[in-house]
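Along the sequence shown, residues carry numbers from 1. Note that the structure is a prediction, hence the values are computed from the model and not measured.
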Amino acid sequence: MENASKALLIAGGVFIALMIIGALLLMYNQISAYQQGEVVSQKDVQIANFNQSFAKYADEKTLKGTDIISLANKVVDNNKKAGTSNYVDYNKKITLEVKLSGFAQLYGTNGKSELFGTTIVYSITDSNNVFMKAINDFSGLEKKYTLMTMGKLKSSYSNISNYVQSRPGSMTEAQAIRTAIQNNTGKDIAEITSLKDIAKYMEYTELKSSTFKPSSNIPTVYKDGQIVKLTFEFVK
């Protein structure tokens, strides 16, 4: 009888221990599932915020060229990063595709763009292309000499061109351009050495004020939930 009582007590103790262990395992699993859910939620939020910082441009019906320039610089800066930070994989580079069909016909010389030549599609991932070089060169001149001075350069193109064409025989074209620029702007803009350079700057100013739209095909492309490509088209 005494042995039977002890056996029951032992069995009861084992049952209670199993119940406690089971409850602890259930609690652990619930906590683990909750923590995993929190990680997934944080990852989704951070990637969504990252995507939106770029995709917001494609959410607009139309954008100005200045918006495209801002986005281009944003893409280039993003692509300089590597590794993973806050769940965002910076090894996935973003491509900005800019389609310029029709730009030369509107703002070029005799249907030809001095700034872009015959290229009408640019895939921008870094600063090593004509599109970004033009942006960086001319935005740098605007910062260095002020928008007002560069505006005078643009509006004086005809005067400068006439001066170069009628220059004295002893004066080279480069000397004539430099003199004419100083006479018309009051500044020595040494980086501008030809009429073609002025024509390029004039196109750059038109680019900034032009209208673009998200691509009529696929404006944004995602890979594993993260944005990797945006495409915009020149309108007018």
Side-chain angles (χ1 to χ4, degrees), residues 45-82 85-86 88-104 106-108 113-117 119-151 153-154 191 197-223 225-236:
V45 168
Q46 289 177 6
I47 290 179
N49 288 338
F50 171 83
N51 286 341
Q52 185 56 23
S53 68
F54 292 94
K56 65 182 181 182
Y57 291 89
D59 292 338
E60 300 292 332
K61 290 184 178 180
T62 59
L63 303 92
K64 286 297 182 184
T66 50
D67 298 317
I68 297 298
I69 289 172
S70 295
L71 177 57
N73 284 315
K74 188 178 180 71
V75 166
V76 169
D77 289 342
N78 175 82
N79 290 348
K80 291 177 182 178
K81 303 175 184 178
S85 176
N86 293 330
V88 175
D89 185 0
Y90 287 106
N91 294 315
K92 290 186 176 74
K93 304 306 180 184
I94 298 176
T95 298
L96 171 62
E97 188 172 87
V98 180
K99 298 181 178 181
L100 293 169
S101 180
F103 181 86
L106 284 177
Y107 303 119
S113 171
E114 296 292 354
L115 189 59
F116 300 114
T119 303
I120 58 174
V121 178
Y122 284 94
S123 294
I124 300 162
T125 57
D126 54 42
S127 58
N128 296 321
N129 59 75
V130 173
F131 188 90
M132 290 306 299
K133 187 176 186 304
I135 289 172
N136 293 330
D137 285 351
F138 289 122
S139 64
L141 290 181
E142 289 177 339
K143 290 177 182 177
K144 182 176 180 180
Y145 296 104
T146 75
L147 281 169
M148 181 179 292
T149 297
M150 296 303 292
L153 176 70
K154 177 183 175 181
E191 293 85 350
D197 288 339
I198 303 176
K200 287 181 179 179
Y201 177 70
M202 292 168 68
E203 286 187 26
Y204 169 73
T205 62
E206 297 296 348
L207 175 71
K208 289 196 297 180
S209 60
S210 293
T211 302
F212 288 80
K213 69 175 182 178
S215 174
S216 54
N217 294 322
I218 303 176
T220 55
V221 178
Y222 296 82
K223 182 179 181 181
Q226 192 168 310
I227 197 163
V228 292
K229 186 176 181 181
L230 301 105
T231 304
F232 295 88
E233 302 171 357
F234 170 78
V235 178
K236 60 181 180 179

**OP:** Begin from the C-alpha positions of Ile227 and Ile94 and carry the test side-chain contact (heavy atoms from CB on, under 4.5 Å) through to its verdict.
**Re:** CA-CA 7 Å; Ile227 197 163; Ile94 298 176; 4.0 Å; yes

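- At least one side-chain heavy atom of Val88 sits less than 4.5 Å from a side-chain heavy atom of Gln226.
- A donor-acceptor pair is defined here as one N or O able to donate and one able to accept, closer than 3.5 Å; no such pair exists between the side chain of Glu114 and the backbone of Ala199.
- Nearest heavy atom pair, residue Ser209 against residue Lys64, reads O-NZ, 3.4 Å.
- Considering CD1 of Ile135 and CG of Asn129, their distance stands at 8.0 Å, rounded to 0.5 Å.
- Rounding to the nearest 0.5 angstrom, the gap separating the OG atom in Ser113 from the CD atom in Glu206 is 11.5 Å.
- No side-chain donor-acceptor contact under 3.5 Å links Asn79 to the backbone of Lys93.
- Annotation: side chain to side chain contact (heavy atoms under 4.5 Å, CB included) contacts of Lys223 (sequence neighbours excluded): Lys92, Val228.
- When all heavy atoms are compared, the tightest approach of Glu203 to Gly108 is OE2-CA, 3.6 Å.
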Subject >> Evaluation steps, side-chain contact (heavy atoms from CB on, under 4.5 Å), between Tyr145 and Leu153 >> reply: CA-CA 11 Å; Tyr145 296 104; Leu153 176 70; over 6 Å; no

**OP:** For the pair Thr149 and Leu141, evaluate side-chain contact (heavy atoms from CB on, under 4.5 Å) and give the outcome as yes or no after the intermediate values.
**Re:** CA-CA 10 Å; Thr149 297; Leu141 290 181; over 6 Å; no

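- Between Tyr107 and Lys236, the shortest heavy-atom contact is OH-C, 3.7 Å.
- The minimum heavy-atom distance between Tyr204 and Ser139, with the atom names listed, is OH-CB, 3.6 Å.
- In this structure, Leu96 CG and Thr231 OG1 are separated by 7.5 Å, a value rounded to the nearest 0.5 Å.
- By the 30° and 60° cut-offs, the orientation of the rings of Phe131 relative to Tyr122 is tilted.
- Proximity of a side-chain donor or acceptor of Lys229 to a complementary backbone N or O of Thr95 within less than 3.5 Å is not detected.
- Few gaps surround CG on Leu106; more than 12 heavy atoms of other groups in view lie less than 6.0 Å from it.
- Between Phe232 and Tyr57, a ring centre-to-centre spacing not shorter than 6.0 Å is recorded.
- Only one option out of Leu100, Thr62, Asp67 pairs with Phe212 in a side-chain contact (heavy atoms from CB on, under 4.5 Å); it is Leu100.
- Atom OG of Ser85 and atom OH of Tyr90 lie 5.5 Å apart (nearest 0.5 Å).
- With rounding to the nearest 0.5 angstrom, the CD1 atom of Ile68 is 10.5 Å from the CD atom of Glu233.
- The minimum heavy-atom distance linking Asn136 with Ser127 is given by the pair ND2-CB, 4.2 Å.
- When all heavy atoms of Ala134 and Leu115 are compared, the closest pair comes out as CB-CD1, 3.5 Å.
- At least one side-chain heavy atom of Gln52 sits less than 4.5 Å from a side-chain heavy atom of Asp59.
- Inter-residue side-chain proximity for Phe138 and Thr205 is flagged as unmet; no heavy-atom pair is nearer than 4.5 Å.
- When the shell of 6.0 Å around NZ of Lys81 is examined, it contains more than 12 heavy atoms from other residues, nucleotides or ligands.
- Under a 3.5 Å cut-off, the side chain of Glu142 and the backbone N or O of Met150 do not form any donor-acceptor pair.
- Side-chain atoms of Asp89 and Ile47, non-hydrogen and from C-beta on, never get closer than 4.5 Å to each other.
- Side-chain contact between Lys80 and Asp126: absent, with no pair of heavy atoms (C-beta onward) separated by less than 4.5 Å.
- Judged by the 6.0 Å distance and 45° axis criteria, Lys74 is positioned over the aromatic ring of Phe54.
- One finds the CD1 atom of Ile124 at 11.0 Å from the CG atom of Leu230 (value rounded to the nearest 0.5 Å).
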